Amino acid sequence: LNPWPVAETVLDNKRVKIFVSRLTNERAEPGAVLCTKKGFAVACGDGALLRILELQPKAKKRMTAAAFLCGCQNGFDRVERAASDRQEDA
């Protein structure tokens, strides 16, 4: 059984279900994808960042966004790190 509701999107032409996300106080250019040590965030149409916490790629098990990025081959490692992640390093 799948919990409901769940959001779906497409990443690299593959369906991805998003189970847990949180809206942050940070902002970025709409459509930007920002990586952090804990996962990644996507900037919404108004620039607000939506942090993706748990997801499930098609034909894979549900996982944390951090675990997803560990095995990710789609170029997220080249995306700008979020401001909060840069501040943690300082």
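Predicted model, so just to flag it, every value in this text is computed and none were measured.
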Ignoring hydrogens and angles, tell me if any N or O in the side chain of Thr24 forms a donor-acceptor pair with the backbone of Leu49 under 3.5 Å.
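Checked: pair present.
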
Any idea which heavy atoms bring [X] and [Y] closest together, and the distance?
| X | Y | result |
| --- | --- | --- |
| Ile18 | Val6 | O-CG2, 3.2 Å |
| Leu69 | Cys35 | CD1-SG, 4.3 Å |
| Pro30 | Gly45 | CG-O, 3.4 Å |
| Val16 | Leu55 | CG1-CD1, 3.5 Å |

When rounded to the nearest 0.5 angstrom, what distance separates [atom1] in [X] from [atom2] in [Y]?
| X | Y | atom1 | atom2 | value |
| --- | --- | --- | --- | --- |
| Ile52 | Phe19 | CD1 | CZ | 12.5 Å |
| Glu8 | Lys58 | CD | NZ | 10.0 Å |
| Glu54 | Met63 | CD | CE | 10.5 Å |

Got more than 12 heavy atoms from elsewhere within 6.0 Å of CG, Asp46?
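More than 12 within 6.0 Å, yes.
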
Close side-chain approach of Arg51 to Glu26, heavy-atom, < 4.5 Å:
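Arg51 vs Glu26: side chains touch.
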
Could you tell me which residues satisfy side chain to side chain contact (heavy atoms under 4.5 Å, CB included) with Asn13, sequence neighbours excluded, listed by chain and number?
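So Asn13 forms no side chain to side chain contact (heavy atoms under 4.5 Å, CB included) with any residue.
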
